[in-house]
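What you see below is based on every heavy atom in this structure, not just the backbone, and it leaves out hydrogens, waters and symmetry mates. Below, chain A is the first sequence line, B the second, and so on; all start at residue 1.
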Amino acid sequence: MLEELLSGLNPKQKEAVTLAPRSALILAGAGSGKTKVLTTRVAWLIQTSQVNPLQILAVTFTNKAAKEMLIRISAMLPINTRGMWVGTFHGLCHRLLRAHYRDAGLTQAFQIMDSQDQLAMIKRLLKALNVDDEKYPARQLQYFINDAKETGLRASQVEAHDDYTRKQTELYAVYEEQCAKEGVVDFSELLLRCFELLSRNELLRAHYRQRFSHILVDEFQDTSRLQYQWLRLLAGDKNSVFAVGDDDQSIYAFRGADVANMQDFIKTFSVEEVIKLEQNYRSHGNILDAANALISHNKNRLSKSLWTSEGSGEPLRVYEAASDMEEADFIVDEVKALRVQGVPLSQAAILYRSNAQSRVLEHALFSAAIPYRVYGGLRFFERQEIKHTLAYLRLIANSDDDAAFLRVVNFPTRGIGNRGLEQLQDLAKERGLSLWKAACLSHLSGRAGTNISAFTNLVESMRETCLDLPLAEAIEHVVEASGLMQHYRSERDGADRVENLNELINAAVTFIGEYEKQKSDDANDSELTAFLSHAALEAGEHQALPGSEALQLMTVHAAKGLEFYSVFLSGLEEGLFPHENSISLQAGESGSLEEERRLMYVAITRARRRLYMSYAQSRMLHGQTRYNVASRFLQEIPEELLKRLQVENREQPATSLTRVDGMATPVSRVIEASVWRIGQNVVHAKFGQGIIINSEGRGCDARVQVNFHNAGPKWLALEYAKLVRV
DNA sequence: TTCCAACTGTTTTTT
DNA sequence: ACAGTTGGAA
């Protein structure tokens, strides 16, 4: 059995799996069997009787990864995985908080707000406090608050050195208070609250430290400061932390991930074993060579180099298109060719830096009748009809939830307008009550008052009915009694929404099935509360599902962790990839460019056999045609690995603006040739060196936009500017 | 309450 | 370009 467990591993992997139970860092390159090592480690620990399943805590970032982990562990072990804590940071913290809600200072029925709810609450507060939302945009305040929490800071602990920050901190404090009043927590709160619970409560801390002697972390490079501190707290100085990650694939710094945790981990946990997994089982050699060459341009890495025992394979195909439309047509042609060669559509993916780029691609695919699937966008539990239903359910579970109250008090419409609500909000504020309590307390004057009472009565009666019903039937009742179903049935384009509501009822059935099966002993919540938490923590699948026979379209971020036979990496242009926001700050912040490069590294390593990289000379962006030059990342890949594709019937003078015209067929229109073409390097007497990035007009009116290395982009009239080509 | 026109902000995203 | 939001008029 033990032999069998280890037989499929290479020496490095085996070494990692069988390490003595001390803290260790596994630097696992892309496609090197990271998850396999982590799950086999768990199985090995249990199989060799070093630990029992109860002592294991395995944590990841996404629900998908957590599920995957559980499946793989179960497949390797004859025992059932119940009692093993495997989940996301948020999921595990949530579990701890439910179990110890009193110690954590929460109400039993506390609810989780998603980002939408959080933003709505902040907007509500800003309005109630008469704060100028021009000066303090809700969105920005939301970032401020989450940022503070992710750093481990309460409003009272934030150091504000200027008026603006002081004001934001003040609003943060009000927000905290409001959350407490309503009995709701946001995502970062789950982590911070849990961290505080464990750091303050010595008994609990001791208990969990005793219990979880083996902590395993996946995608360690993505941990935030707070998550890392949480791990430290839980580990103490006795427990072993088995951290698996890849600093070269850290692409989430923008949302708080801190690669520095890896270096810190080695120091703080006195890690003696850093094992590098560099053998790649995914891609052919040329693809790996390209990835290695590219990423070597980053400084500050824990060096690592991928290799394969397979051959070098095909060269990487590079294509320069005249326009974004033509780029899409090129990809469509190649996809058709792949299909003829027998590559399943689902084994090909188009990756792009930003979602906006999918439009043109979709258009071309649609015209060519190629089935495709786009990942990203609204998830199931984020749809408005679902959120409305959940809001009714939340009111039933916890009537102090103002966000839920406001969302559905007048949906479907029942004659409660702004004046009535304002009255109610004033009253609630005055007495320090939730909207629900305020509504129950007094009979407000006028028609709005009676309508509001009708609403609370409605919810009250729903609550009574639901008490005796199984969850799915309860939801069905709510959907009907609230009038939501009726409303969407009579709406013009409501068919999808009606379907989603039915789907929600199905989801409840499925959920309860799972819940009954793995209900842990410490969970004594009502089914409803559990379902609501589930809905908030697991908004629905965002990443690719296997199976569907369609071409896969997604951002590079969404592609992390996936692999395809053939990958089309599109839009490789300066300003797009690397994104302009990452290029600009040449002084200081070089970190963001390095993150872009890591993103490119992730993109390249998704391909198993064939990689296409394309860029367009012109592209529609924000309603304007932009002229871009090829991404610097292409130049960072050795030319001998590349094969530059040519399209035969498109011969053009290199100095002409012809090619920037957005036509897919050979161009017939002749536009005057100019030496001032996009991409031309120039020198200006005052601004110095730069590159032409845009142009307009002709003759003596002609102007060009030059992006100067030191002075940034400037529009210049050719007649006066005295530009010199270099 | 509903509807339409004007206005805005557009990197990446999980929980 | 375009989707989502807001504010004012009907």
Side-chain angles (χ1 to χ4, degrees), chain A residues 59-66 87-94 112-120 123 127 133-134 137-140 143 146 149-150 185-192 194 219 222-224 226-227 250-257 324 351-360 363 375-379 381-382 384 410-420 448 451 533-543 554-561 571 575-584 592-593 595-596 598-600 602-603 619-626:
Chain A
V59 58
T60 65
F61 281 84
T62 65
N63 293 300
K64 189 184 174 192
T88 63
F89 279 100
H90 291 86
L92 297 171
C93 286
H94 172 248
I112 303 167
M113 291 193 282
D114 66 16
S115 323
Q116 282 178 38
D117 300 333
Q118 184 187 32
L119 186 63
K123 280 186 180 166
K127 203 171 227 169
D133 57 357
E134 300 265 283
R139 176 80 54 173
Q140 205 175 307
Y143 291 146
N146 288 339
K149 289 190 181 187
E150 281 289 333
V185 297
D186 59 46
F187 286 131
S188 350
E189 184 71 26
L190 288 170
L191 300 174
L192 180 55
C194 186
E219 304 278 15
D222 287 336
T223 49
S224 71
L226 180 58
Q227 286 160 339
S250 161
I251 54 173
Y252 286 113
F254 71 93
R255 68 173 199 218
D324 47 356
L351 307 185
Y352 34 80
R353 173 71 239 267
S354 64
N355 286 305
Q357 287 167 254
S358 75
R359 190 174 294 285
V360 198
H363 180 81
Y375 293 91
L378 260 201
R379 281 119 42 110
F381 284 105
E382 290 168 357
Q384 64 142 321
N410 197 35
F411 195 96
T413 51
R414 39 177 79 89
I416 300 166
N418 280 335
R419 359 168 247 298
N451 288 341
S533 302
H534 165 82
L537 285 174
E538 216 166 319
E541 206 46 71
H542 216 202
Q543 265 205 333
M554 65 193 86
T555 63
V556 180
H557 282 93
K560 190 175 170 207
L576 250 188
F577 199 177
H579 194 273
E580 51 195 348
N581 297 359
S582 313
I583 302 172
S584 56
S592 49
L593 183 67
E595 176 143 321
E596 292 286 304
R598 291 193 292 269
L599 193 55
M600 179 74 179
V602 168
R619 172 180 304 275
M620 273 305 235
L621 197 67
H622 308 326
Q624 276 182 322
T625 307
R626 303 223 327 198

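Residue A:Y143 contributes atom OH, which lies 10 Å from atom C1' of B:dT13 at whole-angstrom precision. To the nearest angstrom, C1' of B:dT12 lies 15 Å from CD1 of A:I583. Between the CZ atom of A:R619 and the C1' atom of C:dA1 there is a distance of 14 Å, rounded to whole Å.
Checked for salt-bridge contact, A:D222 and A:K560 meet the test: a charged N lies under 4.0 Å from a carboxylate O.
The side chain to side chain contact (heavy atoms under 4.5 Å, CB included) search around A:K127 returns none, not counting sequence neighbours. Checked against side chain to side chain contact (heavy atoms under 4.5 Å, CB included), A:S115 has the following partners two or more places apart in sequence or in another chain: A:Q142, A:F187. With sequence neighbours excluded, the residues that form a side chain to side chain contact (heavy atoms under 4.5 Å, CB included) with A:Y143 are A:R139. For the side chain to side chain contact (heavy atoms under 4.5 Å, CB included) test, residues two or more places apart in sequence or in another chain that qualify with A:Q140 are A:P137, A:Y164, A:Q168.
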Contact list (N/O, under 3.5 angstrom) for nucleotides 3-6 of chain C vs protein:
none

Nucleotides 6-11 of chain B: which of its N/O atoms have a protein N/O under 3.5 Å away?
from, atom 1, to, atom 2, distance (Å)
B:dT11, O4', A:H579, NE2, 3.3
B:dT11, O2, A:R353, NH1, 2.5
B:dT11, O2, A:R353, NH2, 2.4

Are A:L191 and A:E150 close enough, and set up right, to give a side-chain contact (heavy atoms from CB on, under 4.5 Å), and what steps lead you there?
-> CA-CA 8 Å; A:L191 300 174; A:E150 281 289 333; 3.8 Å; yes

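The aromatic rings of A:F254 and A:H557 sit perpendicular, their planes meeting at an angle over 60°, well past the 30° parallel limit.
Contacts of A:N146 with the nucleic acid, taken as non-hydrogen atoms under 4.0 Å apart, are absent. When heavy atoms are screened at a 4.0 angstrom cut-off, A:F254 is found touching base atoms of the nucleic acid.
The base of B:dT15 is paired with the side chain of A:S115 by a donor and an acceptor separated by under 3.5 Å.
A side-chain donor from one of A:H94 and A:S533 sits under 3.5 Å from a side-chain acceptor of the other.
Considering only side-chain N and O atoms, A:R379 lies under 4.0 angstrom from the phosphate OP1 or OP2 of B:dT14. For A:N63, a side-chain nitrogen or oxygen approaches OP1 or OP2 of B:dT15 to under 4.0 Å.
B:dT13 and C:dG4 are spaced 16 Å apart, taking the P atom of each and rounding to whole Å.
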